[in-house]
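Written out below as structure tokens is the structure these notes cover.
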Amino acid sequence: MTPASNGLDQVRREDERTTSTEVRSRSAASVRSRLTELRRPSVWVAAVVAVAVAAWVLVLADGTPAGAAADDPGKFLVTVLDAVTFAGLLFVAASGFTLIFGLMRTVNMAHGSLFLLAAYVAIRVQEAMVGRSRNIDPADVGLLDWLVPMLAGAGVAAVLGLAIQQVFLQWNEGQEMRQTLLTLAITVVLADQMLREFGGLAQRMVWPGAVTHFFTIGGERYAATRLFMLGIAVLVGVLLWLWLNRTSVGMVIRAGVDDRQMVRGLGINIKRVFALTFLVGSFLAGVGGVLGASFAGAAPGTDGSWLLNSLVVVIIGGLGSLKGAAAGSLLYGTVVAFSPAYLPSQYSYYAIIMTFGLLALVLAVRPYGLFGRPA
Amino acid sequence: MNLRARLTGEPLALAGLVLFLILLPSLATAFFVNFVMTQTLILGLAAATIVFLSRYGGMTSLAQLLMFGIAGFMFGNAALDGGARGLNLGWHPWAAVGFAIVVTTLAAVVLGAIASRTTGIYFLMLTLVYGVIGYFVFAQIVEISGPGGITSIQRPDLLGPPVRLYYAGLLLSVLAYVGFRALRRTAFGLALQGVRDDPVRMASLGFNVPLHRTLAFVLAGFVAGLAGLLNVWWNGQIDPASISIGPTLILLIIAVIGGISSLEGAWLGAFVYVLVFTYLRDLPLVDRIGITEARFNTVIGVIVLAIMVLSPEGLTGIARRLPVRTIRKELGGTRA
């Protein structure tokens, strides 16, 4: 299917250079096709659900933990902040996953393990730097005591990811299912070995003291650490965008996403590009892991739940697309933050079903995610 | 001639194997039959649904253990009364069986319909998400899972003695194997394989591609539900942790060990898994090299890693390749 659709794109691009009358008739046709898309029932269902949810949150949601947004704008604002900051963490975790898939078509099921390993390593390094293993006071943690462990943890994840790629994935490129199962097996082994090494208790990374304080917004106290997390996520996103769009390596990667064989044919050593992408993708998983460990702690099982989070984000957003990862993170973060706050109190633990509802809704309208395309 | 050709080779070997398994309770110890073999048959039946979907539909599903768990939880909720955890509906056991099967099948219809437009890697990821969300549903909504799981579940009187459970597992396994094999040659099975190979062409020939995928998923969900019922009778209890991400991956791993493209491999993989799980601790010297019972997952993971590196078709794939090589060697020898 891909060559055919590429051909169509080619024709379309050439069309755009032709006379204005044709352009006008084409745009009329595209408006018509957009209208026919609107007539699809699933699009209508999605629109109706979106309007109903908005009405519920804004006006109707009495008797929920947060109350209707019109009555309690402060709570609403805080929930929005929760959604956006959590989306930032989701984006960092999922961007590496989607980057690796986009270029190599490898579904790296070990992503969650790399996430957790980086978290554990960073916690160990931080304990060594502060010189205490328990009850670390945020005031004792300087910015460097957080940044250096983060780089150490993410570096270990990056190196391990590269090793996995070189040993297990490089020689069977193109065999998607085999690669997926290999990374699944690695996940099982890593989870078991991490349990042996780091124990079964939940551990926590401590935010630097400089950002550990509260401020007041709309009458509610809010933790500045969450905004710090969002800031790092935005920084990661911007750097990633600049790297992919403004450097020659990024150009090669984007070309590789579209057509690997052609890039290879042009004499570019794509094996090296693959290795670099895996390194960066695993590094991003590690950064996500350290953020996650500072935000919610690290324990056995964190790897599985963050593999799930990354999967949900990329399934919603579309595999292989950075834009999709951002959109998917925002949507999923919104659902995760809003459902416990705006479901009636006695049903608030049904929030997980909302995630499933979001997934079903998006897939009903776009089977390959918002920005995805058939592989 | 035709009949003779059919009677030789594989079918005959399988018939012999079934006969051996029927006679097994009088040959082996009760522990081997009621623990090792019953578990093998239950897990093999569940793993066979993964193989069926993967081989005939091109869909590698990680949601089969969820179906397995839904059936178990629903039976527990419906059959128990008073004192125990869960909904305590207190129905007749066979009514509870019907209820469990109906709920499992309905869940498979919904999940299958949503997933029916995706295949391959996308399907794998989506079904993994199903599995984990399903786990969270049972872990968080304690009305249907009882805090910490549903315990002291009795099996129907008909299956009272443990050996009868073994025979039930054997019967269902044989039925599922024969049924899946027979389905291959039916109109539906052929269309399903066409959908696997070229969905675009099948769609343009007028076949409803999502419907075929959904129906296959429903059938697999139904069979996995039967395995789940056997499991809950065998265990006597079920808790949400038993359908979390770890066991979900283990079920796929069982299918992979045996060979994801061969139906009989599902039971072979289950047998290997249960053997390792049961007897690893009895091996001499394992303690010396740091492999204890607690490191069981590492052993299983390394086995899968080795199998996937050697041959993506699993143990049956390796076994099939061996004789071919020896025959080739013999041929080479005669020519020389």
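Here is how names work: the chains are called A, B, and so on, in the same order as the sequence lines, proteins then strands, and each is numbered from 1.
Scanning all heavy atoms of the two residues, the minimum distance from Asn297(B) to Val188(A) falls at O-CG1, 3.5 Å. Between Ala185(A) and Gly301(B), the closest heavy-atom pair is CB-O, 3.7 Å. The two residues Leu305(B) and Phe168(A) have their closest heavy-atom pair at CD2-CZ, 3.6 Å. Residues Val129(B) and Ile315(A) come closest through the heavy atom pair CG2-CD1, 3.9 Å. Smallest separation of non-hydrogen atoms from Tyr368(A) and Arg117(B): OH-O, 4.0 Å.
Using a 4.5 Å cut-off between heavy atoms, Leu182(A) touches chain B through backbone and side chain atoms alike. Neither the backbone nor the side chain of Ile303(B) comes within less than 4.5 Å of any heavy atom of chain A. With a 4.5 angstrom heavy-atom cutoff, Ile245(B) touches chain A only via side-chain atoms. Within the 4.5 angstrom heavy-atom criterion, only side-chain atoms of Tyr130(B), from C-beta onward, approach chain A. Both the backbone and the side chain of Ile186(A) come within contact range of chain B, with heavy atoms under 4.5 Å apart.
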Chi angles and distances behind the side-chain contact (heavy atoms from CB on, under 4.5 Å) call for Leu128(B), Met109(A): CA-CA 11 Å; Leu128(B) 176 60; Met109(A) 290 288 179; 4.0 Å; yes
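The interface of residues 247-267 of chain B with chain A, defined by heavy-atom distances below 4.5 Å, comprises Leu249(B), Leu252(B), Ile253(B), Val256(B). Along residues 206-218 of chain B, no residue comes nearer than 4.5 angstrom to chain A, judged on non-hydrogen atoms.
Note that CG of Leu308(A) is 6.5 Å distant from CZ of Phe136(B), once rounded to the nearest 0.5 Å. The distance from atom CG of Leu319(A) to atom CD1 of Ile121(B), rounded to the nearest 0.5 Å, is 9.0 Å. Expressed to the nearest 0.5 Å, how far CG of Leu62(B) lies from CG of Leu184(A) amounts to 6.5 Å.
Residues Val309(B) and Trp171(A) meet the side-chain proximity criterion, which asks for heavy atoms closer than 4.5 Å. Side-chain contact between Thr60(B) and Leu181(A) is absent, with no heavy atoms from C-beta onward closer than 4.5 Å.
When the candidates Val304(B), Ile114(B), Val137(B), Leu111(B) are compared by the number of heavy-atom contacts under 4.5 Å with chain A, Ile114(B) comes out ahead.
More than 12 heavy atoms of other shown residues, nucleotides or ligands fall within 6.0 angstrom of atom CG in Leu205(B). Shown here is Met354(A), whose CE atom has no more than 12 heavy atoms of other residues, nucleotides or ligands within 6.0 Å.
Residues that satisfy the ring-ring contact (aromatic ring centres under 6.0 Å, His included) test with Phe180(B), not counting sequence neighbours, are Phe52(B). Scanning for side chain to side chain donor-acceptor pair (under 3.5 Å) contacts around Arg178(A) gives Gln175(A), with sequence neighbours left out.
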